[in-house]
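Chain identifiers are assigned alphabetically (A, B, ...) following the order of the sequence lines, protein sequences preceding nucleic acid strands; residue numbering begins at 1 within each chain. The analysis underlying the following values was restricted to heavy atoms, covering all of them including side chains, and did not include hydrogens, waters or symmetry mates.
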Amino acid sequence: MTDPADSPAIALPDDDWQGVATAAAGDEALYLELDGWEGPLDLLLDLARRQKVDLRRISILDLVDQYLNYIDQAEALRLELAADYLVMAAWLAYLKSALLLPREEQEDPSPEELALRLQLRLQRLAAMRDAAGRLMGRDRLGRDVFGRGNPEGLRIDRKALWQCDWFALIQAYGQIKARTQPVVHLVRDRMVMTLDSALTRVAAMLGVTLDWMELKDFLPPHADPKLRKSALASSFVAALELARLGKAEMTQDETFGPLRLRGVRA
Amino acid sequence: MSDRPDDLLRAVEAAVFASEQPLSIEAISLHLGGADVRAALAELAEHYADRGVHLVERGKRWHFETAPDLAHLLRREREEVRRLSRAGTEVLAIVAYHEPVSRAEIESIRGVQTAKGTLDVLMEAGWVRIVGRRDVPGRPVIYATTPDFLTHFGLESRRDLPGIDELRAAGLLDPVEDALAAAMDGPSAETELTDAEEDTDSAD
Amino acid sequence: MSDRPDDLLRAVEAAVFASEQPLSIEAISLHLGGADVRAALAELAEHYADRGVHLVERGKRWHFETAPDLAHLLRREREEVRRLSRAGTEVLAIVAYHEPVSRAEIESIRGVQTAKGTLDVLMEAGWVRIVGRRDVPGRPVIYATTPDFLTHFGLESRRDLPGIDELRAAGLLDPVEDALAAAMDGPSAETELTDAEEDTDSAD
């Protein structure tokens, strides 16, 4: 791999954490804090830093040994270890044995790749930890530098600019008028044939003939179309009434077919 | 521009700037290890005298404030376009067609109680003003439209407001049914129209 | 001591001085009737560079603050700045150097789950905000820093983050997978590195 430029960001001072509190409470369910370590990767990074070599040149085998020793010690002290630490220990033990096995028996992914992956992760975590330390060490507003203590403030006075247009105005007036006008309901005088006159007319016509007649033949001829509707309705009701009284018979061959009726002689 | 101010001057400047209250000479001095800050304050006050910010002493306490001649910059008016509400439009229309008109009269024409705020908004907008009191018991305030109203709505005079028959011709009387509209062609509509027109004329 | 600063300069000085928040160039200009204030800001920044109070730009917004070298005099009992947990500082750094970044990405760098409260504290402080969702399955929320973050830490822009150029050049801001791919296959590794460097250049 190409040699990355030497950078202060990945140089690893022993302690750049002064002034930073230890991990917040409330995370206990997720990991056990061993002397303030936040998880196995954090512990590994700390062990790596103790080797005092550049993380890019660190011996992963040494690191694995140190981690496994640490876990052994913790178990010897009967410290309860979070599952994360044990999972990492198991994985590192596997990695160690794979690194020590002859090359031909390697599976995919190769142990070298796994070791490199771990190394890269440690580098990234170290870089961010270092960056965090440098960020926190900056001159901070409200701690090292201060804004104006008592600013007058800039004020923005909001003024409403009311909008309404001519059409909305006259439309509103029209609607008030339409709404508040006294409402008068008028029913137009229409020509109707009353039930009584229909009854008289149909009964009289039934007395004249014994043949079946269609209902429409009972309507007054040349009637105004508006009167015709009324006459049809009244004549139909009159026919029903006469049938009920036994004075007429009605027949209809099909639905909506012509309705015929004739008189019944007593 | 000038040579770098000395450290005491800079410290006094920063201390007064950062303080949440005006500071007495003693308080400033206390911050700065007991140094004598009088000369520094005098020099700073002189430096800032021409600037947008002044260092001033008020009741033996020092603070920075913006230059009095720039105070108007610290407030800014922002105009927000707001649409007149339906109720506002109706009340405005009634004032325009019937002015001068009292609030009770507006309510009787609208058939709805008129919230006090509605007339306030119309007065804030500059379209309606109080023109006096009606000479009846209770002496209610009466309202009329303003010249700004005519300007805003593009009217030469209130005579330009369409009459009832024109509104109807434009379909703005918005009847519910044709039959109903036809039925309303009765005598009462005619009367209203005449009233409205008379009002308009007399107001001019 | 010096010739009187012109009116625009004084007005810009007063407006930024009076404001309770850092102001963008647009906001200052709006207060001053739309004037172009860039030159005035540059001149003021230069004038104040030697003084006890500095005019600084942070995330495209301007404000006055006390000179950093006077911190020892002003620090007093004003230790109100919240102390961030170690997890908090790490998460903040990861967001700042990698933004925009999802919670899963933060966790993969730190190797531990991030307690719910950690991001909340950073958002409550006003330093981190949600800027959208990543267009991948699950559409995770992504986080980035705010202008207030830059203001608080005295950064003109994210480019001023300590060591960010070196970190980028060393590939330490790239995902592990990319670095792994680069390291595993030789020739393409060269290409990847070149790409990364080009990215860096174009980003600046």
Is the number of heavy atoms from other residues, nucleotides or ligands under 6.0 Å of B:Arg103 CZ greater than 12? yes

B:Asp50 bridged to C:Arg10 by N-O distance under 4.0 Å: no

Which heavy-atom pair separates B:Ala14 from C:Gly52 by the least distance, and what is that distance? CB-O, 3.4 Å

Out of C:Thr66, C:Val53, C:Asp69, C:Leu32, which one racks up the most heavy-atom pairs below 4.5 Å with chain B? C:Val53

Step-by-step side-chain contact (heavy atoms from CB on, under 4.5 Å) determination, C:Glu13 to B:Leu70: CA-CA 10 Å; C:Glu13 190 178 27; B:Leu70 298 172; over 6 Å; no

Are more than 12 heavy atoms, taken from residues, nucleotides or ligands other than B:Arg83, located less than 6.0 Å from that residue's CZ atom? yes

Check B:Phe17 against C:Glu65 and note the closest heavy-atom contact, atom names and distance. CE2-CA, 3.9 Å

For B:Arg86, is the CZ atom crowded, meaning more than 12 foreign heavy atoms sit under 6.0 Å from it? yes

Approximate separation, where rounding is to 0.5 Å, of B:Phe64 CZ and C:Phe64 CZ: 10.0 Å

